[in-house]
Amino acid sequence: MTAKLLYRVLSGRTAVLSRRHKTSSSSINNALRSFSTATPSAADHNDDDNTKDNGRLRVAIVGGGAAGMTTALHLSPLVAAGLIQGPIDVYEANNVKTSNKSRTSGHTLSGTTEGGKQLYSGSGALGRHIGVGIWSTAWWPFLRSLEKGYNDANKNRQSYKTLLKDLEACGSYVKDVGYRSPNGSWLVKSQLNASPYGIDDLLQHGATESNGSKSIDNDDPALLFVREKDLLSCLRNAMKIEQKMGTVKYNYGVKVESINAVNGNMGSLELHPTNGTDSTTTTSPQYHLIIAADGLRSSLRSRYAGHQSIHATSLGIESSSQENIENSLENHWEHTRGHREATKVENREYIVFRGNAPKLTAAAAGEDGSDSFQTWGCSKSMRFAAVPFRHADEDLEDDDEFESNSGHYSQTDAFKERQKDEEVWFATINDPVFIDAYKNSNSTMDAEERKKLLIDAFGSWHNPVKTLIETTPAEDIMYEMALAHKHNASPVFDIKTIMDFERWKLNRKNKGNSCKVTPIIGPGPGPILVFIGDSMMTIDPVLAQGFTMAMESGASVARSIERALSNSPAYSPALLRHELGERQVRRERRLLHLLRSTELVQRLAQPNGFAIFARCIVRPLMKLCPDGIKQGVFNFMIRYSLGLTGGERDTGGKQ
């Protein structure tokens, strides 16, 4: 009953808050339906560029981080089955080949400088030593594919088995969780699934139907903590297997700035080398579909997204499209302000600190100190969270001698014997002392001074908060300004029109308002552009779902492509646009669940302006509420935030 009531309240917020923005529920539904065009007819297969590559789809992925590599892995069975022209090209700006053997906790290629300051948000393709969480909805699609592999050899991928075994070897599952007050009292405690259905269960028992009661369909979500760099190494190891099979090609050391050479339903990428010695700009092969997975500061997002956008926020679904727009190019693009709004990056005005501390002794942890927890402060956006986890004590890199069907380095005794127990923690605070120092490039605050101020701010909180900060080396404490996108980016189906508009703007700037634009290319909208991971939308890291969303989105794109090609391997732009439009609706529903849950936790955990109300009313009521009810609500909120409750979903698992 409580869970159903909470679901109705959360779901009802869209319509209520949309009215605040003068957007009715019917207009929201109409906006969503605008993505779901009528199912195309067979005549739509007769496209001019269908003769290229035997009429098969050509795909490029921009960004070789978690989202990009996951997408490539999920597309590899379609290449093996002959549905997509191989290989899938992945373009990554970092020179992963020469950088991954010399990573340290402060290396510059992962976005850090001396003292831990993060220059660029996100993990990139290399990752950091910090621990991160991934929920089981991120790896369920790999298990699903392996289940289908009993009947379809193309889906029985060795790369998937290697990836899933590596992940479990490199991290550990979280069990005890909960929220606390600064004095140490528990607001709510619960337990997560610490022994989920995994690769060993599948290999031992076969597909779901023969595995009795344990399966994805009846499994509760689990949270695996691994080092960020290990997660990306695991994905790269799986990618190497696919590269040897010719399904994927990893092009590192090239940055993509824009799309060019648009012709019909295809287009190329403008490639800029990043090795520092060669400045020659080149043009990639032509592609029908370009998947942008290049993170928060995505060049493709900032240039092409949001011109006519439907986007999700914590306030619901909003649209920047205008009614009664004339067909002239100038009037059609009067909502350029909407493009800027839709692609905006927001400064959330608080600093996030992260660190890995040595595992606590029982004495240092104190009573109830060794469990995972998140503590909510009452002012200055203060939060502190910690998770104990076990990880490998050396870099996981797939050396040639371990590349075989029988397994590789993560499965050897040498790797398993070198494991380390640590406590990953993060803290948030909006104290002007930290914010001003972060923004001021001439600040003299060093790592030791910053650590001392952090201890002063959190030192009076319950055990083991102070101990975790104290035992983490100052230089290893990473910190960054919290950034997030204001809106999510929708697929772009009219690249040519946007390029025409850009040319028109440039001509008008140079020649005056009377300028008339001449189309730069012939008929055809150009390639389809889809955004995934942080390039679709970066959100506050409150519920530890950034990597999960990135990996889910890769599987989601692959499913849509497979559906579009299910009746015929010949590429139909109209069919793919239809499927990707339907996918966008599902992803926005998934995103709305996460945004609502994030906002709810933010308001409870960082009650700016409502500190007295939270401290004197809300939290005392939470403490008085029976544990059974609180646990039920907590567990429901986890499932809700992962998109596992009610209606059509874009993730796996049970209802």
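Basis for what follows: all heavy atoms, side chains included, without hydrogens, waters or symmetry-related copies.
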A.B. asks: Between His272 and Thr281, is any side-chain donor less than 3.5 angstrom from a side-chain acceptor?
C.D. replies: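 There is such a pair between these side chains.
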A.B. asks: Are Ile495 and Val262 side-chain neighbours, meaning at least one heavy-atom pair lies under 4.5 Å?
C.D. replies: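 Ile495 reaches Val262 side chain to side chain.
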A.B. asks: Checking Thr70 side chain against Ala67 main chain: does a donor-acceptor pair fall under 3.5 Å?
C.D. replies: no
A.B. asks: Between Asp201 and Gly198, is there a donor-acceptor pair closer than 3.5 Å when you use the side chain of the first and the backbone of the second?
C.D. replies: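 Yes, because the side chain of Asp201 sits within donor-acceptor range (under 3.5 Å) of the backbone of Gly198.
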A.B. asks: Locate the shortest heavy-atom distance separating Thr548 from Arg590; write the atom from each residue and the value.
C.D. replies: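 The pair with the smallest heavy-atom distance is CG2-NH2, 4.3 Å.
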A.B. asks: Looking at every non-hydrogen atom in both residues, tell me the closest pair between Asp230 and Cys170 and how far apart they are.
C.D. replies: CB-CB, 4.1 Å
A.B. asks: So do the side chains of Ile84 and Leu565 get within less than 4.5 Å of each other, counting heavy atoms only?
C.D. replies: yes
A.B. asks: For Glu270, check salt bridge (charged side-chain N to carboxylate O under 4.0 Å, His left out) against everything at least two apart and list the hits.
C.D. replies: none
A.B. asks: Applying side-chain contact (heavy atoms from CB on, under 4.5 Å), run through Gln243 and Tyr250 and close with a yes or a no.
C.D. replies: CA-CA 8 Å; Gln243 286 185 89; Tyr250 201 129; 3.5 Å; yes
A.B. asks: Give the intermediate values and the outcome of side-chain contact (heavy atoms from CB on, under 4.5 Å) for residues Phe531 and Met537.
C.D. replies: CA-CA 9 Å; Phe531 304 94; Met537 187 174 191; over 6 Å; no
A.B. asks: Donor-acceptor pair, Gln419 side chain versus Ala169 backbone, under 3.5 Å?
C.D. replies: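 Indeed, once roles are kept as given, a pair shorter than 3.5 Å links the two residues.
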A.B. asks: Nearest 0.5 Å, please: how far is CD in Gln204 from CG in Asp200?
C.D. replies: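 Taking CG in Asp200 and CD in Gln204, the distance rounds to 8.0 Å.
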A.B. asks: Check whether any side-chain heavy atom of Trp139 sits under 4.5 Å from a side-chain heavy atom of Leu164, and report yes or no.
C.D. replies: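 Of all side-chain heavy-atom pairs linking Leu164 with Trp139, at least one is under 4.5 Å.
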A.B. asks: Show the numbers, then the answer: is there a salt bridge (Lys or Arg N to Asp or Glu O under 4.0 Å) between Glu92 and Lys255?
C.D. replies: CA-CA 6 Å; Glu92 169 54 40; Lys255 182 176 178 58; over 6 Å; no
A.B. asks: If the plane angle is over 60° it's perpendicular, under 30° parallel, otherwise tilted; pick one for His288 and Tyr571.
C.D. replies: tilted
A.B. asks: Given 3.5 Å as the limit, does a donor-acceptor pair link the side chain of Thr274 with the main chain of Gly253, or not?
C.D. replies: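 The answer is yes, because a donor-acceptor pair under 3.5 Å joins these two groups.
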A.B. asks: Distance from Phe225 atom CZ to Leu231 atom CG, nearest 0.5 Å?
C.D. replies: 12.0 Å
A.B. asks: Does Asn265 reach the side chain of Arg577, with side-chain heavy atoms less than 4.5 Å apart?
C.D. replies: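 Yes, their side chains come closer than 4.5 Å.
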A.B. asks: Could you measure the distance from the CG atom of Leu126 to the CG atom of Leu232? Nearest 0.5 Å is fine.
C.D. replies: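 Here the rounded value is 8.0 Å.
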A.B. asks: Take Glu562 and Lys155 through the test salt bridge (Lys or Arg N to Asp or Glu O under 4.0 Å) and record every step on the way to the result.
C.D. replies: CA-CA 12 Å; Glu562 186 173 16; Lys155 295 184 180 295; 3.1 Å; yes
A.B. asks: Identify the two heavy atoms, one from Ser258 and one from Arg303, that lie closest to each other, and give their separation to 0.1 Å.
C.D. replies: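 Minimum heavy-atom contact is CB-NH1, 3.1 Å.
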A.B. asks: Met499 vs Lys496, test: side-chain contact (heavy atoms from CB on, under 4.5 Å). Steps then yes/no.
C.D. replies: CA-CA 5 Å; Met499 295 174 70; Lys496 174 193 176 294; 5.7 Å; no
A.B. asks: For Leu73, does its backbone N or O pair with a side-chain atom of Tyr160 as donor and acceptor, under 3.5 Å?
C.D. replies: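 Yes; judged by distance alone, with no hydrogens or angles, the pair exists.
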A.B. asks: Rounded at 0.5 Å granularity, tell me how far CD1 in Ile290 sits from CD1 in Ile528.
C.D. replies: 10.0 Å
A.B. asks: Which heavy atom of Ile199 sits nearest to which heavy atom of Leu146, and what is that distance?
C.D. replies: CD1-CD1, 3.6 Å
A.B. asks: Between Ser284 and Ser268 (side chain of the first, backbone of the second, donor and acceptor by atom type, cut-off under 3.5 Å), is there such a pair?
C.D. replies: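 Looks like no, no N/O pair under 3.5 Å.
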A.B. asks: Would you say the side-chain atoms of Gln85 pair up with the backbone N or O of Val59, donor to acceptor, closer than 3.5 Å?
C.D. replies: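 No, the answer is negative, given that no donor and acceptor are paired below the 3.5 Å cut-off.
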A.B. asks: Can you name the closest pair of heavy atoms from Pro491 and Val530 and give their distance?
C.D. replies: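 It is CB-CG2, 4.4 Å.
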A.B. asks: If we count only N and O atoms by modelled type, under 3.5 Å, do the side chains of Asn156 and Lys161 hold a donor and an acceptor together?
C.D. replies: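 The answer is yes; a qualifying pair exists.
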A.B. asks: Mind checking the OG-CG spacing from Ser299 to Leu269? Nearest 0.5 Å is all I need.
C.D. replies: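 That separation rounds to 11.5 Å.
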A.B. asks: Less than 4.5 Å apart, side chain to side chain, heavy atoms only: is that true for Arg559 and Glu579?
C.D. replies: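 No, too far: nothing below the 4.5 Å cut-off.
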A.B. asks: Checking Arg128 against Asn356: is there a side-chain donor and acceptor pair closer than 3.5 Å?
C.D. replies: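 Distance-only check fails for Asn356 and Arg128.
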A.B. asks: Donor-acceptor pair, distance only, cut-off 3.5 Å: does the side chain of Asn237 make one with the backbone of Ser233?
C.D. replies: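 Present.
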A.B. asks: Are Pro221 and Ser136 packed together at the side-chain level, in the sense that at least one heavy-atom pair is separated by less than 4.5 angstrom?
C.D. replies: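 Of all side-chain heavy-atom pairs linking Ser136 with Pro221, at least one is under 4.5 Å.
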A.B. asks: What pair of heavy atoms forms the shortest contact from Ser535 to His485, and how long is it?
C.D. replies: O-CE1, 4.4 Å
A.B. asks: In the structure I gave you, are the side-chain heavy atoms of Glu147 and Leu202 within less than 4.5 Å of one another anywhere?
C.D. replies: yes
A.B. asks: Between Tyr91 (side chain only) and Ile61 (backbone N and O only), is there a donor and an acceptor less than 3.5 Å apart?
C.D. replies: no
A.B. asks: Less than 6.0 angstrom separating the ring centers of Phe142 and His74, yes or no?
C.D. replies: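 Yes: the rings meet the under 6.0 Å criterion.
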A.B. asks: Under 3.5 Å, is there a donor-acceptor pair between the Glu588 and Asn488 side chains?
C.D. replies: yes
A.B. asks: Would you compute the distance between atom CG of Leu271 and atom OG1 of Thr282 and round it to the nearest 0.5 angstrom?
C.D. replies: 4.0 Å
A.B. asks: Any side-chain donor-acceptor pair under 3.5 Å between Tyr173 and Asn193?
C.D. replies: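 Result is no, nothing qualifies.
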A.B. asks: If you measure only the distance, is there a donor-acceptor pair under 3.5 Å linking the side chains of Arg583 and Ser556?
C.D. replies: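 Looking only at side-chain atoms, Ser556 and Arg583 do form a donor-acceptor pair, the distance falling under 3.5 Å.
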A.B. asks: Apply side-chain contact (heavy atoms from CB on, under 4.5 Å) to Glu552 and Trp140, showing your working.
C.D. replies: CA-CA 9 Å; Glu552 283 180 14; Trp140 276 341; over 6 Å; no
A.B. asks: Donor-acceptor check, side chain of Thr162 to backbone of Gln158, threshold 3.5 angstrom: yes or no?
C.D. replies: yes
A.B. asks: Any heavy-atom pair between the side chains of Val492 and Leu300 that's under 4.5 Å?
C.D. replies: no
A.B. asks: Please test Arg58 against Asp89 for salt bridge (Lys or Arg N to Asp or Glu O under 4.0 Å), starting from the C-alpha separation and ending with a verdict.
C.D. replies: CA-CA 9 Å; Arg58 287 296 312 270; Asp89 282 321; 3.5 Å; yes
A.B. asks: Looking at Glu582 and Arg563, is any side-chain nitrogen of the basic one under 4.0 Å from a carboxylate oxygen of the acidic one?
C.D. replies: no
